[in-house]
Asker: 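Let me begin by handing over the structure; questions about it come next.
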Amino acid sequence: MSLALNIDHSSAVRPAPTMRPSLIGLSKAGLAETLVNHDVVSEKEGRMRASQLWNWLYVNGVTDFERMTNVAKPVRQKLSDTFNLDRPEIVSEQVSVDGTRKWLFRFRDPANPHLPAVEVETVYIPESDRGTLCVSSQVGCTLTCSFCHTGTQKLVRNLTAGEILGQILMARERLGDFPGGSRPDDGGLVPGGETRAITNIVMMGMGEPLYNYENVKQALLIASAGDGMSISKRRITLSTSGVVPYIEPTGREIDVMLAISLHAVRDDLRDVLVPINKKWSLKELLEACKTYPGLSNARRITFEYVMLDGINDSDAEARELVRLLAGIPAKINLIPFNPWPGSNYGTSPSSRIERFADIVNKAGYASPVRTPRGRDIFAACGQLKSESERLSRKDRDALLTL
Ligand code: SAH
Ligand code: SF4
């Protein structure tokens, strides 16, 4: 019996998406340019209207042009004839016994509405002092980390910046985070003392964010803009399996906190667990970490380490981990392995995890053990997956000619 609560969302399902392009995901300058290029406003008015729209979209969370009361009526009409502000459709929303909430969101490609819609999962984790949204960057993943459920789903496609933001906007709407919004009635969602349900964002959902760099960058720059959603960059963490060439640009151009999925301290084992290691070895990865822009004791890199029973959890490996990270301002996050149907690994016993954490702590590293959240609804780290499949070229071409 599942203890999870399933909510029927038929009433929240939005109307069928249109072919009008979306305005979500454009930078403010891009927004101005788009309005002018589509003859919605004159060149002179572009910047002013873009600022108004930006405020409606990202501060007020409006999805209907008619509600933009400071925009002249004829402009509102042109806007709604030309563009859409659709958010993803909610296919399902599940709430775990521990309050973790998981959505399955469906997106249609506005540029190719004949193609099947794709689905991704997004997870909200309320804690006493924060509320974290775990966001997906891709449908599936090109990588095949052997302990990760998403890794068994081939990459279907990258999400656009608008779709990455769409997950945040929809979650904020559902959690009552926009002005005038109301909290869901099942409670347990508002962390103590915080006025917002979502205080932190982690790019730790489905996919490898650094294999979709431009879209992730654009989405995070919009989410963190001070005159918009205003989520502090210190509260945004991007997790990568180790796409080395994009680590430096992430710090320089996006300037968010970095997490590295390390999981092993030797190349031969990391080659198996995190196969991207065959392309960029531990040495190259750690070198990129040492020079991560903005790194300091106040801004440490988080090293994620999944605890796999008998595979990577020995005392010797804990000591080697400490040796490897010497000189890098670091936190170590130990993640008990979360099983999924068909997985071949076991979770290290808690006594083993404690011993491992102890060695790392004694060496001076903060090493919190990540409490598994939402396991009953398959919402924990590495358990996310959707049914979306990649079409063959033949099927895709056939649909596109419809
Ligand atoms: N692709 C990115 C981000 C998504 S995964 C990355 O790999 O970093 C978020 C974290 O969950 C990663 O550290 C990942 O290695 C870890 N993870 C994957 N499967 C897991 C599992 N079954 N149990 C625990 N952690 C897992
Ligand atoms: Fe992809 Fe990250 Fe899973 Fe590896 S751990 S398969 S990179 S989502």
Side-chain angles (χ1 to χ4, degrees), residues 100 102 120-123 125 132-159 164 167 200-213 215-216 220 236-244 246-247 250 256-264 269-280 285 288-289 301-309 311-313 330-348 353 368-375 378-386 388:
T100 299
K102 181 173 85 168
V120 296
E121 296 192 310
T122 307
V123 178
I125 308 137
T132 305
L133 191 71
C134 179
V135 175
S136 292
S137 56
Q138 299 183 307
V139 187
C141 191
T142 44
L143 303 173
T144 52
C145 304
S146 53
F147 51 87
C148 173
H149 202 197
T150 312
T152 65
Q153 180 182 5
K154 282 201 181 116
L155 180 76
V156 179
R157 70 167 170 86
N158 281 336
L159 292 176
I164 295 167
Q167 298 168 65
N200 292 52
I201 304 271
V202 292
M203 293 304 300
M204 294 187 186
M206 293 163 60
E208 168 49 60
L210 296 190
Y211 273 149
N212 186 14
Y213 181 76
N215 288 316
V216 167
L220 295 183
I236 300 180
T237 303
L238 183 151
S239 174
T240 179
S241 57
V243 185
V244 166
Y246 281 101
I247 289 181
T250 299
V256 288
M257 306 300 283
L258 183 68
I260 299 284
S261 295
L262 197 69
H263 307 318
L269 179 59
R270 197 165 187 271
D271 283 351
V272 175
L273 299 180
V274 189
I276 200 176
N277 195 69
K278 290 187 227 159
K279 200 158 184 177
W280 293 289
L285 177 59
C289 291
I301 295 177
T302 300
F303 288 88
E304 297 161 287
Y305 197 94
V306 64
M307 298 299 292
L308 301 167
D309 189 17
I311 304 283
N312 64 353
D313 60 353
K331 281 184 279 197
I332 297 165
N333 204 185
L334 302 178
I335 317 176
F337 168 67
N338 293 308
W340 36 272
S343 57
N344 287 325
Y345 295 103
T347 313
S348 307
I353 300 181
V369 178
R370 198 179 285 176
T371 315
R373 297 289 303 264
R375 271 188 180 173
F378 279 93
C381 294
Q383 293 185 316
L384 307 185
K385 186 178 176 180
S386 75
S388 301

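Residue numbers start at 1 and run along the sequence shown. Indexing begins at 1, ligand by ligand and atom by atom, following the structure's order.
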Asker: At a 4.0 Å threshold, what atoms of ligand 2 neighbour a non-hydrogen atom of Gly151?
Answerer: 6 (S)

Asker: Decide, counting backbone as well as side-chain atoms, whether Cys148 has an N, O or S atom less than 2.8 Å from atom 3 (Fe) of ligand 2.
Answerer: yes

Asker: Regarding atom 9 (C) of ligand 1: of the candidates Met204, Gln138, Arg370, which has the closest heavy atom?
Answerer: Met204

Asker: With heavy-atom distances below 4.0 Å as the criterion, list the atoms of ligand 1 near Asn338.
Answerer: 21 (C), 22 (N), 23 (N), 24 (C)

Asker: Looking only at non-hydrogen atoms, which of Ser239, Gly207, Ser137, Ser241 approaches atom 1 (N) of ligand 1 most closely?
Answerer: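 The option holding the nearest heavy atom is Gly207.
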
Asker: With sequence neighbours excluded, what pairs up with Asp271 under the side-chain hydrogen bond (donor to acceptor under 3.5 Å, both in side chains) test?
Answerer: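 Only Asn277 meet the side-chain hydrogen bond (donor to acceptor under 3.5 Å, both in side chains) criterion with Asp271.
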
Asker: Nearest non-hydrogen atom to atom 13 (O) of ligand 1 belongs to which of Cys134, Ser261, Ala259?
Answerer: Ser261

Asker: Show which atoms of ligand 2 fall inside a sub-4.0 Å distance from at least one heavy-atom site of Leu143.
Answerer: 6 (S), 7 (S)

Asker: Using distance alone, determine whether Phe337 and ligand 1 share an N or O pair under 3.5 Å.
Answerer: no

Asker: On the 0 to 90° scale, with breaks at 30° and 60°, tag the His149-Phe378 ring pair as parallel, tilted or perpendicular.
Answerer: tilted

Asker: Which bit of Glu208 is near ligand 1, meaning a heavy atom under 4.0 Å away: side chain, backbone, both or neither?
Answerer: both

Asker: His263: heavy atom below 4.0 Å from ligand 1, yes or no?
Answerer: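 Yes, His263 has a heavy atom closer than 4.0 Å to ligand 1.
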
Asker: Heavy-atom distances under 4.0 Å decide this one: backbone, side chain, both or neither, for Cys145 against ligand 2?
Answerer: both

Asker: Run the numbers for me: atoms of ligand 2, each under 4.0 Å from some heavy atom of Ser241, listed by number.
Answerer: 7 (S)

Asker: Nearest to atom 22 (N) of ligand 1 by heavy atom, Phe303, Tyr345, Phe147: which?
Answerer: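 Shortest heavy-atom distance from atom 22 (N) of ligand 1: Phe147.
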
